[in-house]
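The block underneath contains the structure these notes are about, expressed in structure tokens.
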Amino acid sequence: MAVAQSDHAVWLRGIEKHFPGVIACDGAELKVRAGTIHALLGENGAGKTTMVNVLAGVYRPDGGDVWVHGQRQVFRSPADAIAAGVGMVHQEFRLVPSLTVAENIVLGAAPAFLRSGEIEQKVAELSNTYGLAADPTRPVWQLSMGERQRVEILKALWRDASVLVMDEPTAVLTPAEAAELGLTLRAMAEEGRSVIYISHKLDQVVAFCDEATVLRRGKTTATFSDLMDVDLAELAEKMVGTATAGNIERPEPLEPGPAVLSLENISACNDRGLAAVHDICMQVCANEIVGIVGVSGNGQKELAEVITGLRQPTGGKVSLSGEDITAASPSARYARGLAYVPEDRLGVGLAPKMSVVDNAVVRSYRSQRRGLFLAASKCVAFCRGLVERFGVRVGRLNDPIAGLSGGNLQRLLLGRELAEEPKILVAAQPSRGLDVQGVAAIQGHLVEQRRSGVGVLLISEDLDELLALADRLLVMFEGRIMGEYGPDVTPRTILGAAMAGMPPQ
Amino acid sequence: MSEAAVIGLFVATVQFATLVYLAALGELIAERAGVLNLGVEGMMAMGAVSGFMVGLETGSPWAAFVVAAAVGALVGGFHALISVVLGADQVVSGLALTIGGVGLAAYVGRNVGGRIPETKFTDMSIIGLSEIRWFGDIFFNQPPVVYLAVLLGAGSWFVLARTRLGLALRAVGESAPTTDAVGHSVVGLRVAAVMVGGGLAGAAGSFLSLYMAPGWTEGMVAGRGWIAVALVIFGAWKPGRLAAGALLFGFTLALQPRLQSFDINFLGLQVNQISPALLGMLPFLLTVAVLVVISWRYRHGPSPAPASLGIAYRREER
């Protein structure tokens, strides 16, 4: 029976996988031909990551079986999957930050004795062969996200993987790096390797991939053996199950109110002590959304942290409704009406191992007290209120929050931050990596906040989102504001040039 | 103060350094693999009593040394079972090991307390080198365990820095999910590291009961296990720096009992008036100072402490 499948590099058949309270995969199916790039599509929580973790030996399926190159495989560990030729690049990179590039690449398949310089040289040869530039002697913690991804791909090639799984590979890349990745993957496919490519970015999927499988709620709902003539709208529709994956509507114009947040000559350093933000002056008024656009790593994260009090500026002044808060603690700023949705949801925004309830009340626990103590019933009621108002899909409220999918984490986080009616909301990449419905829900809340008089500072890499939602756009490049632009009157080419450090003359 | 007294101080320094170095080297190996083992004191006590009893029976200090190492590895294996295989809290399990190990050693050794061993490790001169003035007596006229400790230290450095096994061990201490994903056995590496660490602590215990203080008395490890734990931090998790730290800590240990006899005025301070109890605190004060220096020096990058030290790993946890 294996014979009929021998032309498939990968066949995941009828995969079932259950987590407490969640059915991640419910009989899903995936067939990948050798020498192709195969897109695996679906909303958050559709089961994509679970499927590929089964293929990579990280999860053992509760049902179904795994075939690789016509052989039925029962993987007991990632080691078994690697031995069968499956290489996986996880969404959160699996690299050891304190080890060098070369040490990370050979980890797991190193010679018994490491002669100094020898593995570095071999790694350099491999990286030249595939045009994946990476200095073998540098420690990984010093690398950018794009470089780390190249190290991950080199790691798989070092093991000579015949099937490479990429989970959301372009989420952390600049557009130029993403295009480069497309070429690298194509070169690998032409050598006869297969690539499984998980992404939400449909335009990239159509540009990079040969075939596609669509998952929805743990089941395979569609397969496409040729993506040449496929309509983007059709793909999007198969993913969400409705035909609502359209454009974002521009909110109605509003007269901006008084300034709620103002920055005067703010400068700051990054984690390595290097100057990351230079002399930034800006204001956000009530009833407006100010967009900060730029390729990530140009000081946006540091700027957001200075505003929210997580990072001390090296110079300048931060004011909230005219009051100087430069030296105020993050909690004092929250009490004065500053809400924050950080880029790192499940690290800075939420505590992964704490329950849904605890995460929900961690900002406003002072209001959930009875006498000196927290009242469990008030906490649960508060959390339930958030869950209903923001449409969060949860299992049990006392389970760790890490079990929720990305979209639901973000709904809860945003809901928590908005619960006590802030004056200003700082949101960093709030819709990144979310499914179509999640994006729409989050964007809807931002627009609603603007209407109700909140000032919103929206930091995003998604130009479409910013063009649609923002009243004013500030382009950030190497820690500086390159200029202010009206989203409805500025051509994309001008914004693109400013993002690359070339303001219009 | 006589020349002999000074040389005696430094001879004892090297021996105390060896004692804490062996135990600390074991702890270093376990911690580089990501497992904190606070049971060093208990493992040393078990090594001391079992080594002493084997020494009494067989008359061979080397048989005692090997058995003590095996007992230490076994006790360490208990910690590995609880904290690595079953994923329980490493701090709790390690503390239990210290309390339990010290207590069990007292029980096992209840009938041999006060007996005099017929044999113990004898000093071994290194031909040629032992003739060097001062240095010969201090470094090259010592029991063989001292030389063995140097070899073990160099060997540990080589394995950690220059072999596949060492790379895997360092990786599992930094990031267990990464190491698992490339196909190394997280549990296998960690259990092995903890057992090797226990073996070294047990061996150190037998060096105590068969050379440094021949005999068995309850509580004879007297906090040296804790000094070994502190020494790993002091040495910034590196075998070489660990050796330098061991000599410094060994000096404070050697100085303590001799302090009263040192009739020196140092910077207006009468040395023999200092309380030995204060001197006993010195290794821990130095360790705290080193912690401060480390966190300041490494503020822009990863600290030298293994990143997943103390964190249990379960594969399917989301």
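Each chain gets a letter, A, B and so on, in the order its sequence line appears, and its residues count up from 1. Values below: every heavy atom of this structure, side chains too, minus hydrogens, waters and symmetry copies. Keep in mind the model is a prediction, meaning the values are calculated, not measured.
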Note: A/Pro400 and A/Pro352 closest approach over all heavy atoms is CB-O, 3.8 Å
Comparing B/Ala171, B/Ser303, B/Pro304 against chain A, the one with the most heavy-atom pairs below 4.5 Å turns out to be B/Ala171
Can you name the residues of residues 182-191 of chain B that have some heavy atom under 4.5 Å away from a heavy atom in chain A? B/Val182, B/Gly183, B/His184
Per side chain to side chain contact (heavy atoms under 4.5 Å, CB included), A/His90 is matched among A/Val58, A/Leu95, A/Asp167, A/Val165 by A/Val58
Considering all heavy atoms of both residues, which atom of B/Asn37 and which atom of B/Gly94 are nearest to each other, and what is their separation? OD1-CA, 4.2 Å
Among A/Ala156, A/Ser98, A/Ala83, A/Ala109, which residue forms the greatest number of heavy-atom pairs with chain B at distances under 4.5 Å? A/Ser98
Does B/Tyr298, at its OH atom, have more than 12 non-hydrogen atoms belonging to other residues, nucleotides or ligands within less than 6.0 Å? yes
For residues A/Ile401 and A/Ser355, determine if any side-chain heavy atom of one lies less than 4.5 Å from a side-chain heavy atom of the other. no
How would you list, in number order, the residues of residues 156-165 of chain B that have a heavy atom less than 4.5 Å from chain A? B/Phe158, B/Ala161, B/Arg162, B/Thr163, B/Arg164
Looking at every non-hydrogen atom in both residues, tell me the closest pair between A/Phe75 and A/Val54 and how far apart they are. CD1-O, 4.0 Å
Assess whether atom NZ of B/Lys238 is packed by more than 12 heavy atoms of other residues, nucleotides or ligands within 6.0 Å. yes
Okay, A/Leu99 and chain B: the region with an atom under 4.5 Å from a heavy atom over there is side chain
To the closest 0.5 Å, what do you measure between OG1 (B/Thr179) and CZ (B/Arg170)? 11.0 Å
Please check if the number of heavy atoms outside A/Gln121 that lie under 6.0 Å from its CD is greater than 12. no
In the structure I gave you, are the side-chain heavy atoms of A/Asp399 and A/Arg396 within less than 4.5 Å of one another anywhere? yes
Heavy-atom pairs under 4.5 Å with chain A are the metric here; pick the option from B/Ala307, B/Ala181, B/Ser175, B/Ser308 that has the most. B/Ala181
Would the number of heavy atoms belonging to other residues, nucleotides or ligands and lying under 6.0 Å from CZ of B/Phe140 be above 12? yes
Quick check on the interface: out of A/Ile82, A/Val96, A/Leu107, A/Ile119, who has the most heavy-atom pairs with chain B under 4.5 Å? A/Leu107
Chain A contacts, top residue of B/Pro177, B/Ala168, B/Pro306 (heavy-atom pairs, under 4.5 Å): B/Pro177
Any carboxylate oxygen within less than 4.0 angstrom of a Lys/Arg side-chain nitrogen, looking at B/Glu174 and B/Arg32? no
